[in-house]
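Within every chain, numbering begins at 1; the chains are lettered A, B, ... in the order of the sequence lines, protein sequences first and strands thereafter.
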Protein chains: 2
Amino acid sequence: MSDAMSGDAVDRILKQWARERPDLDVSPMGVIGRLSRCAALLSQRLDGVFAEYGLSGWEFDVLATLRRAGAPYQLAPTELFSSLMVTSGTMTHRLKVLEGKGWIVREASNQDARSTLVRLSGEGFALLERALEGHVANEHAILSALPARSVDALEKRLAELLAALETPRG
Amino acid sequence: MSDAMSGDAVDRILKQWARERPDLDVSPMGVIGRLSRCAALLSQRLDGVFAEYGLSGWEFDVLATLRRAGAPYQLAPTELFSSLMVTSGTMTHRLKVLEGKGWIVREASNQDARSTLVRLSGEGFALLERALEGHVANEHAILSALPARSVDALEKRLAELLAALETPRG
DNA sequence: CAAATTAATCTTGAAATCAAGACAAGGAGA
DNA sequence: TCTCCTTGTCTTGATTTCAAGATTAATTTG
């Protein structure tokens with residue numbers, strides 16, 4: 001029941017609903033509200049470090065996706081927007097910007113004439129490697145506010161939830 | 001360590017990093033990646049139900065904030081954008097749209113001549129009450145995929161994390 | 001009380017995103 | 001092969017959001 005006087009923003013919301021709509025069981029708002037709020041605050045913190053490397057969050061995401069794909073650090077636009085959960089139109093725009101900054105290069109696919117593959121440039125690779133260090137350090141620092149045991153437990157529960165959310169509904 | 005073969009999207013990412021950068025401890029990406037992904041998928045699911053009532057997510061959020069404030073369902077724009085974690089400019093735009101749809105009305109504050117208070121209209125109130133039912137039912141349904149115990153545990157851990165994230169850093 | 005500071009809101013212009021649709025190329029089947 | 005359906009990508013137009021600055025009112029100081 002998430003009792004205790006946590007006193008965070010979500011607790012205040014739950015108290016308001018309890019007063020206004022005591023008939024409703026709004027307990028799911030506790031978990032879901034905290035999850036959304038954590039996500040929003042986390043992404044702010046992550047963006048702060050990305051900015052130190054002259055990157056926005058989405059720029060880091062695209063470069064990192066290419067990087068972790070392994071040599072030759074090349075993927076098709078469809079693979080990119082599928083992984084990153086954005087639309088194809090969004091990816092078109094992102095790639096245009098990243099190409100303009102010289103962090104990616106594009107070249108026709110041998111396999112599929114419809115596709116113009118995306119590859120990390122040398123500069124893109126180097127920039128990502130640098131930013132990655134800072135990013136990972138940042139994530140460690142953020143989670144260091146919690147006992148390791150809590151982080152592990154959190155991850156386990158999130159994995160369960162993610163599995164449920166990724167399962168196509170029936 | 002979130003072992004087991006959960007096999008979700010984040011696991012695949014972690015495996016890629018382990019192959020490409022075995023020197024880095026990217027374990028924080030497991031928690032943080034799952035959290036972000038859960039948040040994204042959740043908000044899609046919630047939007048689906050909001051749409052059934054002709055609402056977008058942000059519209060529901062604003063109306064709900066006014067509703068749970070209690071009678072007379074009236075707040076200043078600053079209170080709204082602070083609660084909702086958006087900028088003042090964003091709120092100006094949102095209020096213009098909601099006023100155009102007739103779901104809120106605005107009136108000058110007695111206390112502060114700089115402020116034009118926002119109040120739920122009768123229609124806004126009625127619409128929100130309806131949408132709220134569907135929304136809460138939806139949240140219950142989503143979480144019903146997990147054992148109640150897991151949900152409780154998840155909430156506890158998220159509360160810890162949220163407390164850490166809301167604490168101004170030093 | 002006047003001046004300086006702070007606070008509340010709105011305006012402006014630029015980014016980023018999505019939905020829908022356009023199109024060309026791939027692939028399956030008659 | 002010729003058609004039809006699917007797939008991969010881009011285009012277009014509308015939304016939504018933010019950052020920065022403008023404005024006006026409230027508050028604090030000297």
Using atom CG of A:Asp47 as one end and atom C1' of C:dA16 as the other, report the distance to the nearest whole Å.
-> 13 Å
Roughly how many Å is it from CH2 in B:Trp58 to C1' in C:dC18, rounded to a whole number?
-> 16 Å
Minimum side-chain heavy-atom gap B:Thr116-B:Leu95 below 4.5 Å | no
Pairs meeting criterion side-chain hydrogen bond (donor to acceptor under 3.5 Å, both in side chains) with involvement of residues 89-105 of chain A, two or more places apart | A:Glu59-A:Lys101, A:Thr87-A:Thr90
May I have the distance from A:Lys101 (atom NZ) to C:dA16 (atom P), rounded to whole angstrom?
-> 7 Å
C:dA7 base / B:Arg114 side chain donor-acceptor hit below 3.5 Å | yes
Which part of the nucleic acid, if any, lies within reach of B:Thr90 when heavy atoms closer than 4.0 Å are counted: base, sugar-phosphate only, or nothing?
-> base
Distance below 4.0 Å between B:Arg94 side-chain N/O and D:dC18 OP1 or OP2 = no
Whole-Å distance separating the NZ atom of B:Lys96 from the C1' atom of D:dT16 = 13 Å
How close or far is atom P of C:dT17 from atom CD of A:Glu59, stated in whole angstroms?
-> 10 Å
Base, sugar-phosphate alone, or nothing: which one does A:Val97 contact when heavy atoms must sit under 4.0 Å apart?
-> nothing
Does B:Arg19 CZ have over 12 foreign heavy atoms under 6.0 Å away?
-> yes
Starting at the 5' end of DNA chain D and moving along, which residue's nearest nucleotide shows up first, A:Thr92 or B:Thr87?
-> A:Thr92
Value rounded to 0.5 Å, distance of CD in A:Gln74 from CZ in A:Arg106 = 10.5 Å
